[in-house]
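Data first, discussion second: the structure below is written as structure tokens.
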Amino acid sequence: MKTSERNTGWRHLYTELVTQFARRKHGSVAGTTHARAPTNTDVLILLFILASSPAMLVTAWNAGAQMLTLDPASGRARLLNSMGVSISSGDWQGILVLGLTYIVPLLLVAGLVSLFWAALFAKMRNKSIDAGWSMSAWIYVLLVPADLSLLLAGLGMSFAAVLGLHIFGGTGRYIASPAALGALFVHFSYPGSGQVSSGLSWDTVALALGEQDAIVSQITRSMPPDGVIPMALACFVGAAILARAGATSWRLLTGAVFGLALAAMLAGTLSESPTANLGWHWHLALGSLPICLAFVITDPTTSSLSKEGRWAHGLLFAFFVVAIRVLDPTHPEGSLFAVLLATLTVPLLDYFAVRRHVARAEGQLELRT
Amino acid sequence: MRIRIKNGFDVPLAGRLQDTEVTVKETRRVGLVGADYRTLRPSLAVKPGDRIRSGETVFHDRRFPQLCVTSPCSGTVRNINWGPRRQLESIVIDVNDDPPIEFSGIPESRLHHLAGEAVRDRLLESGQWLSFRARPFEGIARPDLEPRAVFITAIDTNPMAPDPLTTISANAGDFHNGVTVVARLTSGPVYVCTAAGRELSLPELANVSQVEFSGPHPAGLPGTHINALERVSDVPDLWHIGYQDVIAIGRLFTHGIVAPFRDVAVAGPGARAPRMLRVRVGAELAELARQEDSPECRLISGSILSGRQTPGYLGRYHNQITLLPELHKTTSSIGKIAKMIWRGNAGLDRASSCAAHGGPGGMLALEDFDRVWPYRVPPAALLRSLLIGDIDAAIELGCLGLAEEDLALCSYVCAAKYDYGSALRQTLHEIERLDS
């Protein structure tokens with residue numbers, strides 16, 4: 001009993017926290033499998049954060065650019081100017097700094113709120129701190145509007161942490177991505193609470209879907225003002241790193257890209273509208289889809305238990321995205337809803353995968369030869 | 001017949017066996033390990049201080065009194081250790097050189113004509129019956145059942161395992177006779193499972209056939225062979241036996257002596273000179289480790305995937321001893337990440353120590369499970385049903401055909417560091433309890 005008391009004190013929680021991402025000495029294996037692979041949940045979570053850091057930087061830059069367009073003489077811009085940082089529309093470093101003045105406080109607030117709940121639940125349950133607190137806060141910031149008030153950000157993060165993450169028992173046990181739930185909570189409960197999306201504004205996508213030619217001509221210029229290409233690239237790099245390291249399923253990613261192509265073509269044959277005829281690669285690059293595809297839908301906790309399930313999960317996600325974008329003009333940015341809808345189908349997909357096996361060979365194990 | 005399995009994983013490990021020269025090594029102490037006889041309810045025939053001879057009964061089962069465990073050596077019973085809930089932990093014997101108990105030898109030419117009953121009686125009497133284990137449940141074969149099929153495991157793909165063919169070719173006659181005797185036990189098929197392309201001299205009997213398995217581990221596990229060739233029912237009537245026990249049975253019938261010896265590989269990252277030893281079943285591991293072996297090592301009876309550290313004696317069914325360093329450096333997360341991206345997958349990496357690398361969290365269904373899993377069932381679904389104790393789902397997904405060692409690779413790659421072997425055992429216990 002003594003050891004368990006020692007291991008769950010506040011002091012231990014603190015030590016655990018500082019060592020979570022640094023060096024940590026784990027004990028020896030008990031049981032019959034005497035060696036274990038070095039990967040663990042902490043490492044996977046750190047990998048998610050590292051792989052999405054380029055996307056976070058692009059998000060900051062993008063937020064800065066959008067804020068500058070909305071209000072070139074805002075308080076922050078003037079303050080930065082007086083401190084010697086030149087903030088003008090042509091200067092990407094200045095824009096990045098301006099964006100970081102929005103993103104960094106958001107990250108701090110979301111991180112602290114998430115950590116507070118993680119520590120509280122750990123203490124109440126006599127368990128160690130759930131490793132997922134940092135990842136859910138990080139991804140949450142990627143998904144909410146950058147100019148969200150800090151109070152609302154904290155509120156949304158609390159919703160994500162409590163009702164998305166800890167109530168189910170933490171990483172490996174929740175049903176839908178906590179970050180997506182938190183971002184959707186903010187979106188539904190406080191509509192219009194932020195003008196820019198961290199990923200890309202809802203407006204930009206609406207514009208893109210309506211005026212395809214304008215967007216294309218913008219993108220072919222040297223530096224697209226809306227950051228579509230940098231964001232897509234940053235997310236592509238992140239997704240590639242995660243899939244390469246085995247942290248996410250390449251089946252899910254491939255399924256989603258295939259599904260997107262298929263759904264976009266299908267939409268094109270069914271309707272004449274410009275939104276329906278947008279090329280599938282634009283669907284892939286626009287809005288918060290790159291972020292959702294690379295870091296949210298691929299969350300290993302919510303992924304399907306079977307290979308077939310993972311293919312289907314990706315396909316369904318893509319179909320939902322295109323369906324929401326094409327059929328519902330009031331919500332052109334549908335990736336987060338699609339994430340949620342697709343994730344909720346996962347238990348059903350797993351059920352079908354298991355039934356398919358049972359119908360073929362109940363109680364038997366067939367070799368894959 | 002040839003069967004090639006596609007998915008699996010050979011855990012890379014330092015300290016591979018180079019030399020196949022076998023050295024005979026006697027230990028002063030020998031232990032019978034209770035965990036090997038998990039399904040028996042022991043009724044002891046000896047007490048501490050008793051002198052016994054090799055082949056004499058140490059205890060027998062309460063349910064089937066004809067099932068007896070015999071001593072692998074002559075000596076004096078030193079102590080009998082009980083674990084929690086009066087489970088037999090180990091019986092330790094101090095070895096002396098009294099002669100073993102002998103049986104009458106049977107000429108080779110008569111082995112074909114032995115009655116099944118005669119074979120059973122001699123196997124039971126000599127304690128060699130215990131070499132047979134049965135699926136489902138992986139318990140010791142029941143004497144009241146006739147096996148539907150018998151699998152002779154003459155392949156070993158465990159990390160650092162010795163090559164069975166070396167031992168078999170050195171004892172070719174005994175192996176041949178052993179197969180003949182085993183084939184008398186059943187009217188069903190007897191499969192001799194080997195690695196691909198290995199020639200074996202087998203008796204020309206209608207029900208004996210060689211099946212060649214290739215591919216990564218677990219191509220050499222009896223579970224893989226059983227599930228590939230037969231359908232598991234709810235009665236434990238699919239038996240399997242290791243190659244060294246077949247050799248011992250051959251010797252028992254022709255020479256009339258129980259030969260409780262094993263050729264084991266002593267290997268692994270902690271072994272300075274990986275070597276082959278011929279030791280008694282139950283030999284004390286600490287005595288087998290040499291001065292030059294790393295002292296900070298875990299001595300594992302069996303492989304790193306499904307071996308046993310306690311109580312420190314060579315297990316009845318083990319063909320190897322692995323030395324794995326206990327002491328380990330702290331590991332940096334960034335280093336691990338760099339390696340994961342460089343090497344290209346999360347779980348499949350070299351094993352170098354007993355480090356746990358993390359504590360239990362929620363199970364994450366990563367692609368790694370599919371890479372190391374040789375069957376068509378979605379592994380994560382089966383593993384989750386075992387973790388949550390969903391018996392119906394576990395049975396539907398085939399848990400009856402499995403034993404702990406079949407899930408060892410899943411435990412190895414698991415990011416949440418679960419021990420799926422013990423989860424499987426709990427589920428199987430529960431199924432047995434509900435059945436009886």
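Throughout, protein chains are lettered first and strands after them, A, B, ... in sequence-line order, and every chain is numbered starting at 1. Only a predicted model underlies this, so the values are computations on that prediction, with no experimental measurement involved.
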Does the pair Lys307(A)/Glu367(B) count as a salt bridge with the N-to-O cut at 4.0 Å? no
With sequence neighbours excluded, tell me which residues meet salt bridge (Lys or Arg N to Asp or Glu O under 4.0 Å) with Arg360(A). Glu366(A)
Could you check which of Gly421(B), Ala408(B), Ala393(B), Ala365(B) has the highest count of heavy-atom pairs closer than 4.5 Å to chain A? Ala365(B)
Under a 4.5 Å cutoff for heavy-atom pairs, which residue among Gln364(A), Arg356(A), Glu308(A), Arg251(A) has the most contacts with chain B? Gln364(A)
Gap between atom CG of Leu365(A) and atom CZ of Arg376(B) - 0.5 Å precision: 12.0 Å
Contact part of Ile300(B) toward chain A, heavy-atom cut-off under 4.5 Å: side chain, backbone, both or neither? side chain
Proximal component of Ser304(A), with respect to chain B [non-hydrogen, under 4.5 Å]: backbone
Would you mind telling me which of Val232(B), Leu383(B), Thr310(B), Leu13(B) has the largest number of heavy-atom pairs within less than 4.5 Å of chain A? Val232(B)
Look at Gly215(B), Gly307(B), Ala228(B) and state which one has the largest set of heavy-atom pairs under 4.5 Å with chain A. Gly307(B)
Where is the tightest heavy-atom contact between Pro378(B) and Ser306(A), given as atom of each residue plus distance? CB-CB, 3.6 Å
Distance check, rounded to the nearest 0.5 Å: Glu396(B) atom CD versus Arg355(A) atom CZ? 4.0 Å
Residue pairs, two or more places apart or on separate chains, that pass salt bridge (Lys or Arg N to Asp or Glu O under 4.0 Å) and touch residues 218-232 of chain B: Arg148(B)-Glu230(B)
Any idea which of Ala415(B), Pro159(B), Gly302(B), Pro379(B) has the most non-hydrogen atom pairs under 4.5 angstrom with chain A? Ala415(B)
Between His34(A) and Arg298(B), is any side-chain donor less than 3.5 angstrom from a side-chain acceptor? yes
Contact leader toward chain A among Leu409(B), Asn227(B), Leu402(B), Leu397(B), where contacts are heavy-atom pairs under 4.5 Å: Asn227(B)
Measure across Ala247(A) and Leu366(B) and return the closest heavy-atom pair with its distance rounded to 0.1 Å. O-CD2, 3.5 Å
If you count every heavy atom of other residues, nucleotides or ligands that lies below 6.0 Å from Phe236(A) atom CZ, does the total exceed 12? no
Whatever's closer than 4.5 Å to a heavy atom in chain A on Gln309(B) counts as both
Is any side-chain heavy atom of Arg173(A) closer than 4.5 Å to a side-chain heavy atom of Leu364(B)? no
Less than 4.5 Å to any heavy atom of chain B: does that hold for the side chain of Leu242(A), its backbone, both, or neither? neither
From Asp370(B) CG over to Ser249(A) OG, what is the distance, rounded to the nearest 0.5 angstrom? 8.5 Å
Working to the nearest 0.5 Å, report the span between CG of Leu305(B) and OG1 of Thr32(A). 9.0 Å
What residue in Ser306(B), Gly401(B), Ala394(B) has the most heavy-atom pairs under 4.5 Å with chain A? Ser306(B)
If I take atom CD1 from residue Ile304(B) and atom CZ from residue Arg36(A), how far apart are they, to the nearest 0.5 angstrom? 11.0 Å
Between Ser411(B) and Thr33(A), the two heavy atoms sitting closest are CB-OG1, 3.8 Å
Checking Arg368(A) side chain against Trp373(B) main chain: does a donor-acceptor pair fall under 3.5 Å? no
Shortest non-hydrogen contact from Ala35(A) toward Leu324(B): CB-CD2, 4.0 Å
Tell me, do Asn40(A) and Lys417(B) make a side-chain contact under 4.5 Å, heavy atoms counted? yes
Where along residues 345-354 of chain A does a heavy atom come under 4.5 Å of chain B, listed by residue number? Val354(A)
Can you sort out the partners of Thr157(B) under side-chain hydrogen bond (donor to acceptor under 3.5 Å, both in side chains), two or more places apart, ordered by chain and number? His217(B)
Between chain B and each of Gly363(A), Ala51(A), Gly309(A), count heavy-atom pairs under 4.5 Å; write down the option with the most. Gly363(A)
If one checks every heavy atom of Ser303(B) against chain A at 4.5 Å, the contacting part turns out to be backbone
